[in-house]
Amino acid sequence: MSEPDGGWCALTDASEVEEDDVVCVNVRGHAYAVFNLGGDYYVTDDRCTHQEASLSEGYVQDDTVECPRHQGVFHVPTGKAMCPPLTRPLRVYPARVDDGRVWIRLSG
Ligand code: FES
């Protein structure tokens, strides 16, 4: 991880995330899920909004991820909760790829 740069923070090398897959990256005690959906990168919280579960251990299909615990489905680009038992959306962070790394904006 790099130090924040104008609110932007490098999470991981883009090459670490295979296409149509997701990895968990921990930064300062917070777990983020980094998705590569057909070459487009998205970063969300890793923790499911329903209960304790890691979405990076879930099932990625098209632009959604299915929680491994109760099979709730989120739309990754927007964080929208698509089905029960989910009621709350997933936080999605502004993200970009620069210099081969995936960056997110943590503030500002
Ligand atoms: S913990 Fe994710 S759907 Fe229940």
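Quick note: residue numbers are just sequence positions, from 1. Computation of the quantities below employed the complete heavy-atom set of this structure, encompassing side-chain atoms and omitting hydrogens, waters and symmetry-equivalent molecules.
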Notebook entry, point to check: Tell me, do P85 and H70 make a side-chain contact under 4.5 Å, heavy atoms counted?
Noted result: yes
| message | Applying a strict under-4.5 Å side-chain criterion to I, L, V, M, F, W and Y, I'd like to know whether L55 and M82 cluster together. | response | no
Exactly one of D62, V22, V17, D63 clears side-chain contact (heavy atoms from CB on, under 4.5 Å) with L37, and that residue is D63
Here the gap from C48 atom SG to E57 atom CD, rounded to the nearest 0.5 Å, amounts to 12.0 Å
### Whether over 12 other heavy atoms sit under 6.0 Å from E19 CD
yes
- Would you say the side-chain atoms of W103 pair up with the backbone N or O of L11, donor to acceptor, closer than 3.5 Å? no
Smallest heavy-atom separation, C9 atom then L106 atom, equals CB-CD1, 3.9 Å
If you apply the rule side chain to side chain contact (heavy atoms under 4.5 Å, CB included), what do you find for T49 with L86, and how did you get there? CA-CA 7 Å; T49 61; L86 303 174; 4.2 Å; yes
Closest non-hydrogen atoms of D13 and R101, given as atom of the first, atom of the second and distance, are OD1-CG, 3.4 Å
Verdict with supporting geometry, H30 and D45, side-chain hydrogen bond (donor to acceptor under 3.5 Å, both in side chains):
CA-CA 8 Å; H30 190 95; D45 283 335; 2.7 Å; yes
Note to self: Check for me whether the distance between the ring centres of Y93 and Y32 falls short of 6.0 Å.
What the structure shows: yes
Query - Path from I104 to V25 over hydrophobic side-chain contacts below 4.5 Å - result: yes
Sub-4.5 Å side-chain heavy-atom contact between R88 and H50: no
Heavy-atom closest pair (V102 atom, Y41 atom, distance to 0.1 Å) is CG2-CD2, 3.6 Å
Side-chain donor/acceptor of N36 to backbone N/O of G39, under 3.5 Å | yes
Smallest heavy-atom separation, S56 atom then C24 atom, equals OG-CB, 3.2 Å
side-chain contact (heavy atoms from CB on, under 4.5 Å) test vs F35 passes for just one of V76, D40, V43, namely V76
Of all heavy-atom pairs linking E52 and R69, the shortest is O-NH1, 3.0 Å
The test is side chain to side chain contact (heavy atoms under 4.5 Å, CB included); show your working for R96 and W8 and say whether it passes.
CA-CA 9 Å; R96 62 181 168 90; W8 289 88; 3.5 Å; yes
Would you say V73 ends up clustered with L90 if hydrophobic residues are merged whenever their side chains have heavy atoms under 4.5 Å apart, either directly or through other cluster members? no
